[in-house]
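One structure is given here, and the rest of the page talks about it.
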Amino acid sequence: MTAVPHAYVEDLHRHVGQVVTVKGWLYNKRSSGKLHFLQLRDGTGVVQCVCFKGNFGEELFKQLDTLPQESALTITGSVKAEPRAPGGHEIDAQTAAIVSVAQADYPITPKEHGTGFLMEHRHLWLRSRKQHAILRIRARVQKAIRDFFDDRGFICMDAPIFTPSACEGTTTLFPVEYFDETAFLTQSGQLYAEANAMAFGKTYCFGPTFRAEKSKTRRHLTEFWMVEPEVAYLELDGLLELIEQFLSYVVQCVVKDRRAELVVLERDVAKLEKIVPPFPRLSYSDAVDLLKGAGHAFEWGGDFGAPDETLISEKFDKPVLVHRYPAAVKAFYMKRDPQDPRVALCVDCLAPEGYGEIIGGSQRADDLAFLEEQIAHHKLPMEAFKWYLDLRRYGSVPHSGFGLGLERTTAWICGTHHVRECIAFPRMLEKITP
RNA sequence: UCCCUGGUAGCUCAAUGGUAGAGCACCCGGCUGUUAACCGGGUUGUUGUAGGUUCGAGCCCUACCCGGGGAGCCA
């Protein structure tokens, strides 16, 4: 007797007519007396296995009838094309082996639950269809990000997680004990990325980022993933082009390779297919006029609030690049516009449909004296930036970079309401378990 | 930190100040093509906590605890 091959559900189309074993967990079941329909989940998909009583012993058939949700089992049978089944295939089961019987009180039933309850059971919620689709898309976004930069000669150089002080000073940091001193979890790898760019030309870092802000909204996590490319000799116009090429590439990878998941999420794929260059570009001043025209009370000089960003992004069906904000509302390391010193050579990318800022970037200040003045003006400890200023002492060049939030981007692509579903185990204000 | 909103069965939610309920889950039985299967029967409660008002409080009042959403800030 030859061994029956193990097949993953996503590969069943290659095994039509063959006998295979699928290995997984019981997702749901329906029963008609002498016939069971077992929905088996194996991590790559869900397949319906049809079990006729005649093919099974009395005892096993009875056992399958009472098997609780999420019990682990393997099922052996022949693969049939079945157009009505999700995934297009079903298994005509010949035999089954129960690997472990789950407790009968699996908390996540096929009925509706609130997100608070589901988040408390996040470790189990991950098994559900929509969460599965979201996290598969996240993984594809992550790969697309790496591919985009790797294919263009960027060197991946990850920045440290432990940092000695604030990069920007304004945001709250998580302190951690670091032997005899206090260190902080990174809130941005950018300053290190600048050093890397001066060494390697085109670089990026991609890792977790920590913000101790007491933000409690559907756009915020205290721990999120950010990719931060940094390029020597790149100026603002080039940065805008890089952003639109990059973001289009990422979105189109998902459209191409994760269409089934987008359908599960009931995402309007047509909206994503439109995400190709060029993106609309709007100066801050134009954006202010747009807000005023729409009846928002807004004065030149302030930063946009979330409702302002939503209004701006809703005017377009692509991500919009808003550039040249007032320097006063932006970080100290941004270069001023020689044409108008009131504004910085920076850009925010606002995702469509009200998903908010997914990218923030700028051309960096490359003049030593200007940076020293800015650090003093922002009351930042000059000593902590000594190494950073060395980058301007030894061969300073124009350079630019940006940061993109992985979970916000994933949330926009998936059309999920909240970023917390776009990471396996979200860390939020006063939420650290599971 | 501030504003809004909520807390009733394992889950999702009902319940004019007057006997605490339904659907699902779970248990028992039925059904050879089910699609959140269906049909019949059954189990399930310190109504977030502590006080107060009242003949009587899930409901009204006060404080606190916890959740959700938003503002500021940011990706």
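Below, read A as the first sequence line, B as the second, and so on, with proteins coming before strands; counting in each chain starts at 1.
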First encountered from the 5' end of RNA chain B, between A:R219 and A:S32: A:S32
Nearest heavy atom decides the nucleotide; on that basis, is A:A306 or A:Y106 closer to the 5' end of RNA chain B? A:Y106
Quote, to the nearest angstrom, the [atom1] distance that separates [N] from [M].
N	M	atom1	answer
B:C59	B:G17	C1'	7 Å
B:C65	B:U49	P	15 Å
B:U8	B:C2	P	26 Å
B:U62	B:A75	P	41 Å
B:C31	B:G69	P	47 Å
B:A57	B:G72	P	45 Å
B:C24	B:A36	C1'	10 Å
B:G68	B:U12	C1'	15 Å

Looking at B:G33 and A:F37: do their rings stack (centroid distance under 5.5 Å, interplanar angle under 30°)? no
What is the distance, rounded to the nearest whole Å, between atom [atom1] of [X] and atom [atom2] of [N]?
X	N	atom1	atom2	result
A:L118	B:A25	CG	P	17 Å
A:L124	B:G10	CG	C1'	14 Å
A:E120	B:G7	CD	P	16 Å
A:K34	B:U34	NZ	C1'	16 Å
A:E309	B:G70	CD	P	14 Å
A:I243	B:A75	CD1	C1'	12 Å
A:D105	B:C24	CG	C1'	15 Å
A:H113	B:G10	NE2	C1'	10 Å

Would you mind pulling out the nucleotide paired to [N], Watson-Crick or G-U wobble, both distances under 3.5 Å?
N	value
B:C31	none
B:U47	none
B:A22	B:U12
B:U1	B:A71
B:G58	none
B:A36	none

Give a yes/no on whether any side-chain N or O of [X] is located under 4.0 angstrom from OP1 or OP2 of [N].
X	N	value
A:R218	B:C74	no
A:R30	B:G33	no
A:H418	B:G69	yes

Counting only side-chain heavy atoms from C-beta out, which of [options] sits nearest to [X]?
X	options	answer
A:L35	B:G68, B:G33, B:A75	B:G33
A:V50	B:A25, B:A75, B:G33	B:G33
A:D303	B:U12, B:G69, B:C74	B:C74
A:F117	B:U34, B:C11, B:A75	B:C11

Would you say the side-chain atoms of A:S188 and A:E228 include a donor-acceptor pair closer than 3.5 Å? yes
At under 4.0 Å between heavy atoms, what does [X] touch on the DNA or RNA strands: base, sugar-phosphate, or nothing?
X	value
A:F52	base
A:P307	sugar-phosphate
A:E90	base
A:I359	sugar-phosphate
A:G54	nothing
A:G360	sugar-phosphate
A:K53	nothing
A:H36	nothing
A:L404	nothing
A:G356	nothing

Is it the case that atom CG in A:L126 sees more than 12 heavy atoms from other parts of the structure closer than 6.0 Å? yes
Do any N or O atoms from the side chain of [X] and from the backbone of [Y] form a donor-acceptor pair under 3.5 angstrom?
X	Y	result
A:H378	A:Q374	yes
A:T44	A:V9	yes
A:R219	A:R408	no
A:Y27	A:D42	no

Does the cation-pi check pass for A:R127 over A:Y106, that is, NZ or CZ under 6.0 Å from the six-membered ring centre and within 45° of its axis? no
Hey, does the Lys NZ or Arg CZ of A:R152 hover above the aromatic six-ring of A:F148, less than 6.0 Å from the centre and inside 45° of the axis? yes
Specify whether A:F174 and A:F210 have parallel, tilted or perpendicular ring planes, treating 30° as the upper limit for parallel and 60° as the lower limit for perpendicular. perpendicular
